[in-house]
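The structure under discussion appears below in the form of structure tokens.
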Protein chains: 2
Amino acid sequence: MKNRFKRQSEIRKIIQKGSINSQEQLLAELKTKGFDLTQATLSRDLKEMQIAKMPHPVKGYVYVFTEPEKPKNTAPMKPVNYLADGFRDLRFSGTLAVLRTQPGYASSIAVVIDRTDTWEILGTIAGDDTILIIMKEGISKADLVNALVQIMPNLEGKI
Amino acid sequence: MKNRFKRQSEIRKIIQKGSINSQEQLLAELKTKGFDLTQATLSRDLKEMQIAKMPHPVKGYVYVFTEPEKPKNTAPMKPVNYLADGFRDLRFSGTLAVLRTQPGYASSIAVVIDRTDTWEILGTIAGDDTILIIMKEGISKADLVNALVQIMPNLEGKI
DNA sequence: CTTCATTCTGAATATTTATTCATTTCGACT
DNA sequence: AGTCGAAATGAATAAATATTCAGAATGAAG
């Protein structure tokens with residue numbers, strides 16, 4: 001139907017603004033624009049248009065056009081071994097660990113560490129040849145070393 | 001809790017495979033891996049991890065990691081509100097706070113924090129998706145949260 | 001070791017979203 | 001115009017998901 005496309009086009013516009021968090025809300029918005037339909041139809045439209053309700057840290061949930069997932073950490077193993085080669089040394093200070101690398105390696109190693117979301121590690125910050133690792137309180141040096149070996153098996157013995 | 005991170009890590013692995021289309025299904029999968037939890041908890045995990053149920057032309061609906069929407073070339077919003085959207089989570093270790101953001105947001109948020117010269121905060125260091133905030137001694141978690149909300153009102157309630 | 005506060009979780013429930021089933025609408029063709 | 005079949009829709013309902021509320025676990029502070 002002709003109306004259907006106009007409607008979906010309007011839906012697109014509204015979603016784009018990024019502040020819709022339920023179909024009911026969207027429905028109301030559409031009514032003000034002169035589109036009269038039920039939630040059932042809306043649900044079908046959204047499905048067809050591949051619009052998803054996504055959790056949002058601040059807004060709760062928001063409807064968005066979704067891109068299918070990035071194949072991010074699908075193949076960590078290979079680059080990881082390679083990255084381990086950039087490793088220089090590891091030292092500790094309180095709840096911080098400082099990992100030194102060959103110049104230029106730091107950020108790529110840090111990215112790998114971050115992606116694994118290891119629970120012992122709150123986060124990392126990388127410069128050019130140094131990575132600062134912020135550890136969870138109460139984590140021992142050994143714990144951290146284990147975690148790192150998990151991530152980069154080739155480190156085994158280098159530490 | 002320790003278990004919570006292991007669990008979320010497992011969730012990530014399962015979702016990654018791309019054939020989960022309901023929480024119930026995911027729940028069952030997790031049970032076989034030895035994680036015992038309820039749908040309520042799972043819902044909360046998914047929200048926290050920003051995993052969304054997305055319509056899929058052939059599979060119906062699939063759970064996926066979603067990309068935050070691309071800030072298209074729509075007129076730049078009020079910087080501060082905009083920045084709050086990049087927020088992921090906030091955790092503490094001693095006198096440090098680690099603020100995690102959507103990839104790419106860290107430095108711009110850090111700049112804003114630095115500019116305010118909040119007395120609770122000695123300084124910040126930003127990577128790509130992590131900001132390290134060095135707090136003044138004696139500052140509590142709540143104090144820092146308050147300070148951040150001052151800076152980015154939209155954070156209110158989401159920390 | 002207690003007490004207190006905070007975080008985490010499950011059970012029950014509320015809310016939201018998808019689907020079923022019946023009806024209507026529309027277009028193509030006589 | 002009338003009939004057929006396909007697509008679209010709404011009402012009701014089923015199914016799925018989010019949240020509330022209360023209790024348990026954990027951790028910090030005496």
Side-chain angles (χ1 to χ4, degrees), chain A residues 1-11 15 20-31 34-64 66 95 119 122 136-139, chain B residues 1-11 15 20-31 34-64 66 89-95 97 137-146 157-159:
Chain A
M1 199 196 226
K2 201 168 190 176
N3 212 24
R4 187 160 151 268
F5 292 104
K6 284 216 180 82
R7 186 180 67 223
Q8 295 196 352
S9 159
E10 186 62 37
I11 290 174
I15 293 294
I20 293 296
N21 34 29
S22 80
Q23 294 185 5
E24 226 177 327
Q25 198 180 122
L26 177 49
L27 210 51
E29 194 75 13
L30 283 168
K31 288 241 160 91
F35 293 92
D36 197 4
L37 71 168
T38 56
Q39 178 267 328
T41 303
L42 185 50
S43 171
R44 285 184 278 245
D45 279 347
L46 293 177
K47 181 173 186 179
E48 191 181 322
M49 300 167 77
Q50 285 181 248
I51 292 175
K53 192 177 163 193
M54 161 189 180
H56 185 291
V58 174
K59 296 178 187 170
Y61 292 85
V62 190
Y63 276 87
V64 295
T66 55
T95 172
W119 79 277
L122 293 191
K136 200 165 178 195
E137 288 181 45
I139 296 306
Chain B
M1 197 197 209
K2 194 168 182 172
N3 212 27
R4 186 161 151 270
F5 292 98
K6 286 220 176 75
R7 186 181 67 223
Q8 295 194 353
S9 159
E10 185 62 38
I11 290 175
I15 293 295
I20 293 295
N21 34 30
S22 78
Q23 295 185 3
E24 227 178 326
Q25 199 180 123
L26 176 50
L27 210 51
E29 194 75 13
L30 283 168
K31 289 244 160 88
F35 293 92
D36 198 3
L37 69 167
T38 56
Q39 179 265 326
T41 303
L42 185 51
S43 172
R44 286 184 277 247
D45 278 347
L46 294 177
K47 181 175 187 177
E48 191 179 322
M49 302 168 76
Q50 287 182 251
I51 291 175
K53 192 178 165 192
M54 165 191 177
H56 185 291
V58 45
K59 296 178 187 170
Y61 292 85
V62 190
Y63 276 87
V64 296
T66 55
D89 64 12
L90 179 68
R91 301 166 69 188
F92 295 87
S93 178
T95 173
E137 284 182 48
I139 296 304
S140 72
K141 300 180 186 183
D143 290 337
L144 185 71
V145 169
N146 284 337
K158 301 307 175 183
I159 299 189

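Every chain is numbered from 1 and lettered A, B, ... according to where its sequence line falls, protein lines coming before strand lines.
When the salt bridge (charged side-chain N to carboxylate O under 4.0 Å, His left out) test is applied to Glu10(A), the partners found at least two apart in sequence or on another chain are Lys13(A). Scanning for side-chain contact (heavy atoms from CB on, under 4.5 Å) contacts around Ala52(B) gives Met54(A), Pro55(A), Thr66(B), with sequence neighbours left out. Checked against side-chain contact (heavy atoms from CB on, under 4.5 Å), Thr41(B) has the following partners two or more places apart in sequence or in another chain: Arg7(B), Leu37(B), Thr38(B), Arg44(B), Asp45(B). By the salt bridge (charged side-chain N to carboxylate O under 4.0 Å, His left out) test, Lys31(A) pairs with Asp36(A), sequence neighbours left out. Qualifying side-chain hydrogen bond (donor to acceptor under 3.5 Å, both in side chains) partners for Glu24(B), counting only residues two or more places apart in sequence or in other chains: none. Every residue two or more places apart in sequence or in another chain that forms a side-chain contact (heavy atoms from CB on, under 4.5 Å) with Gln23(A) is listed here: Gln39(A), Leu42(A), Ser43(A), Leu46(A), Tyr63(A). For Glu48(A), the salt bridge (charged side-chain N to carboxylate O under 4.0 Å, His left out) partners are Arg4(A), not counting sequence neighbours.
Atoms CG (Leu37(A)) and C1' (dA18(C)) sit 15 Å apart, rounded to a whole Å. In this structure, Glu24(B) atom CD and dA18(C) atom C1' are separated by 14 Å, rounded to whole Å. A straight line from CE of Met54(A) to P of dA18(D) spans 13 Å, rounded to a whole angstrom. For the pair Gln23(B) CD and dG10(C) C1', the computed distance is 15 Å after rounding to whole Å. For the pair Asp36(B) CG and dC8(C) P, the computed distance is 18 Å after rounding to whole Å. Regarding Leu26(B), its CG atom lies at a distance of 16 Å from the C1' atom of dA18(D), rounded to whole Å. One atom, CG of Asn21(B), and another, P of dT17(C), lie 18 Å apart when rounded to the nearest Å.
Between Gln25(A) and dT16(C), a side-chain N or O to OP1/OP2 separation shorter than 4.0 Å is absent. For Tyr61(B), no side-chain nitrogen or oxygen approaches OP1 or OP2 of dT17(D) to under 4.0 Å. Between Lys53(A) and the phosphate of dT16(C), there is no side-chain N or O to OP1/OP2 separation shorter than 4.0 Å.
Within residues 39-52 of chain A, the residues approaching DNA chain D are Ala40(A), Thr41(A), Arg44(A), by heavy-atom distance under 4.0 Å.
Taking NE2 from His56(A) and CG from Asn21(A), the interatomic distance works out to 10.5 Å, rounded to the nearest 0.5 Å. Atom CG of Leu26(A) is separated from atom CD1 of Ile11(A) by 5.5 Å, given to the nearest 0.5 angstrom.
Among the protein residues, Thr38(B) comes within range of the nucleic acid bases, having at least one heavy atom under 4.0 Å from a base atom.
With axes fitted over five pairs at each extremity, the angle between the ends of the helix from dC1(C)-dG30(D) to dT30(C)-dA1(D) is 30° (10° resolution).
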